[in-house]
> 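Here's a structure for you.
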Amino acid sequence: MGALDILVAEDEPAIREALVALFESEGYAVRAAADGEAAMRLFNERCPDLVLLDVMMPRKNGYAVCSEIRGVNRRVPILFLTAKDGDADELRGLLLGADDYIAKTSSMPVLLARVAAVLARAQRATDLLSGDFDFAGCHVDSSCLCLNLPDGSSVELALREVEMLRCFVQHPGEVLSRDFLFTRFWGRNFVGDDTTLSVAIRRLREKLGPAASRIETIYGGGYRFIGS
């Protein structure tokens with residue numbers, strides 16, 4: 001197996017060059033883009049194992065690139081590298097399908113650790129998501145990341161959403177604490193806060209339609225799947 005491929009999109013030359021040198025020194029294969037349009041060209045030429053996006057870029061910002069990538073690929077890990085600070089910016093990226101949000105002020109060792117953690121989580125999720133399963137009358141197709149509803153319609157799911165549904169099915173009737181779910185699906189070192197999980201559950205319920213009522217909120221406790 002060859003080196004893992006990282007696509008870096010960063011418009012500041014000094015930061016871009018430093019990131020390329022850092023990741024190459026760790027054995028990654030790195031391709032770099034100075035703007036969003038160039039990032040999408042490189043992505044379309046060859047899908048990387050991970051995308052590191054600056055938020056503020058010319059021609060096409062990181063949010064637009066993330067949205068475009070998620071339109072064609074819901075599996076590749078995406079991390080935002082940003083100088084912005086604030087819950088609104090973080091949640092915007094997460095709602096578009098990003099996996100993590102890293103400040104430019106982070107140290108090199110922290111950045112490397114976070115990249116390695118996201119890559120490991122993505123691989124673990126891929127390994128665990130083999131095989132389809134049912135959820136409250138709906139059929140989850142793991143291979144195409146979609147939810148087939150009883151009325152015959154289907155809804156696209158993110159990789160993490162499939163993983164979450166499988167977790168609920170594996171623990172019917174159990175109260176899964178917010179800490180348990182947050183740690184399992186984002187890791188202890190994730191930069192987000194408690195709101196991140198609430199947003200993820202809300203989006204998942206929206207996709208489930210009538211079956212959403214089977215994920216019960218236990219106030220002060222967490223969430224419980226009401227199995228059949």
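Counting from 1, the numbers follow the sequence of the chain as shown. Reckoned from all heavy atoms, side chains included, excluding hydrogens, waters and symmetry mates.
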> If I compare all heavy atoms of Arg184 with all of His171, which pair ends up nearest, and what's the gap?
NH1-CE1, 3.9 Å

> Please tell me if the side chains of Ile6 and Asp49 come closer than 4.5 Å, counting only heavy atoms from C-beta onward.
no

> What pairs of donor and acceptor atoms, side-chain ones from residues 105-112 against any protein atom, are under 3.5 angstrom apart with sequence neighbours left out?
residue: Ser106; atom: OG; partner: Ala103; partner atom: O; Å: 3.0
residue: Ser107; atom: OG; partner: Val110; partner atom: N; Å: 3.3

> Is there a side-chain contact between Leu50 and Tyr28 (heavy atoms, below 4.5 Å)?
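Answer no - side chains too far apart.
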
> Val76 and Leu7: side-chain contact (heavy atoms from CB on, under 4.5 Å), yes or no, with the steps?
CA-CA 11 Å; Val76 61; Leu7 173 57; over 6 Å; no

> Measure the shortest side-chain to side-chain distance between Leu79 and Val51 over non-hydrogen atoms and say whether it is less than 4.5 angstrom.
no

> Could you check whether any side-chain heavy atom of Asp5 comes within less than 4.5 Å of a side-chain heavy atom of Arg46, counting everything from C-beta outward?
yes

> Could you give the distance from CD (Glu12) to CD (Glu17), rounded to the nearest 0.5 Å?
11.5 Å

> The criterion is ring-ring contact (aromatic ring centres under 6.0 Å, His included); which residues satisfy it with Tyr223, sequence neighbours excluded?
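Once residues adjacent in sequence are excluded, Tyr223 has no partner under the ring-ring contact (aromatic ring centres under 6.0 Å, His included) criterion.
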
> Show your working on side-chain contact (heavy atoms from CB on, under 4.5 Å) between Asp35 and Asp11 and close with a plain yes or no.
CA-CA 6 Å; Asp35 60 70; Asp11 67 322; 5.9 Å; no

> Over 60° means perpendicular and under 30° means parallel, so classify the ring planes of Phe225 and Phe168, tilted if in between.
tilted

> Using modelled atom types only, decide if a donor and an acceptor are shared between the side chain of Glu174 and the backbone of Leu176 within a distance under 3.5 Å.
no

> Evaluate side-chain contact (heavy atoms from CB on, under 4.5 Å) for Val175 paired with Phe180, printing each intermediate quantity in order.
CA-CA 10 Å; Val175 177; Phe180 168 81; over 6 Å; no

> Taking it one step at a time, do Thr217 and Arg205 satisfy side-chain hydrogen bond (donor to acceptor under 3.5 Å, both in side chains)?
CA-CA 11 Å; Thr217 299; Arg205 282 172 168 158; 2.7 Å; yes

> Does a side chain donor of either Asp179 or Ser177 reach within less than 3.5 Å of an acceptor in the other side chain?
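The criterion, which ignores hydrogens and geometry beyond distance, is not satisfied for Ser177 and Asp179.
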
> To the nearest 0.5 Å, tell me how far Leu147 CG sits from Leu165 CG.
7.0 Å

> Where do Val72 and Phe43 land on the side-chain contact (heavy atoms from CB on, under 4.5 Å) test, with the steps shown first?
CA-CA 11 Å; Val72 296; Phe43 182 88; 4.1 Å; yes

> Do the side chains of Arg224 and Glu216 get close enough for a salt bridge, i.e. N-O under 4.0 angstrom?
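Yes.
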
> For a quick test of reading the model, state the closest non-hydrogen atom pair linking Pro150 to Gly137 and the distance between them.
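Scanning both residues completely, I find the closest heavy atoms to be CG-O, 3.4 Å.
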
> First locate atom CG of Asn61, then atom CG of Leu53, and finally report the distance between them rounded to the nearest 0.5 Å.
9.5 Å

> What distance do Leu42 atom CG and Arg31 atom CZ have between them, rounded to the nearest 0.5 Å?
5.5 Å

> How close do Leu149 and Val155 get, heavy atom to heavy atom, and via which atoms?
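Taking Leu149 first and Val155 second, the nearest heavy atoms are CD1-CG2, 3.9 Å.
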
> Could you tell me whether the side chain of Ser25 and the main chain of Leu22 form a donor-acceptor pair under 3.5 Å?
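Here the side-chain-to-backbone pair exists.
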
> Give me the atom names and distance for the closest heavy-atom approach of Cys47 to Asn73.
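In terms of heavy atoms, the two residues are closest at SG-ND2, 3.4 Å.
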
> Where is the tightest heavy-atom contact between Cys167 and Leu181, given as atom of each residue plus distance?
SG-CD2, 4.5 Å

> Just one of Glu161, Glu156, Arg160 clears the side-chain contact (heavy atoms from CB on, under 4.5 Å) bar with Arg74, so which one?
Glu156

> If we only count heavy atoms from C-beta on, is the Val115 to Phe23 side-chain gap below 4.5 Å?
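Heavy-atom side-chain distance check passes, below 4.5 Å.
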
> State, to 0.1 Å, how close Pro77 and Val118 come at their nearest heavy-atom pair, and which atoms those are.
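Heavy atoms of Pro77 and Val118 come nearest at CB-CG1, 3.5 Å.
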
> Are Asp99 and Arg70 close enough, and set up right, to give a salt bridge (charged side-chain N to carboxylate O under 4.0 Å, His left out), and what steps lead you there?
CA-CA 11 Å; Asp99 294 88; Arg70 283 293 177 247; 3.1 Å; yes

> Taking side chain as C-beta onward, heavy atoms only, is Phe135 less than 4.5 Å from Ile215?
yes

> Tell me yes or no: between the side chains of Arg203 and Ser198, is some donor less than 3.5 Å from an acceptor?
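Absent: no donor and acceptor within the cut-off.
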
> Quick one about Arg166 and Ser142 (side-chain donor to acceptor, distance below 3.5 Å, no hydrogens or angles considered), yes or no?
yes

> So that I can tick it off, tell me whether Asp54 and Arg16 are bridged by a salt bridge, with the cut-off set at under 4.0 angstrom between side-chain N and carboxylate O.
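Answer for the salt bridge query: no.
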
> How many angstroms lie between OG in Ser154 and NZ in Lys207, if you round to the nearest 0.5 Å?
11.5 Å

> Once rounded to the nearest 0.5 Å, what's the spacing between atom NZ of Lys104 and atom CZ of Phe80?
12.5 Å

> Quick one: are Leu157 and Cys146 in side-chain contact, heavy atoms under 4.5 Å?
no

> A side-chain contact here means heavy atoms from C-beta on lying under 4.5 Å apart; do Glu68 and Met40 qualify?
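Touching, per the 4.5 Å side-chain cut-off.
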
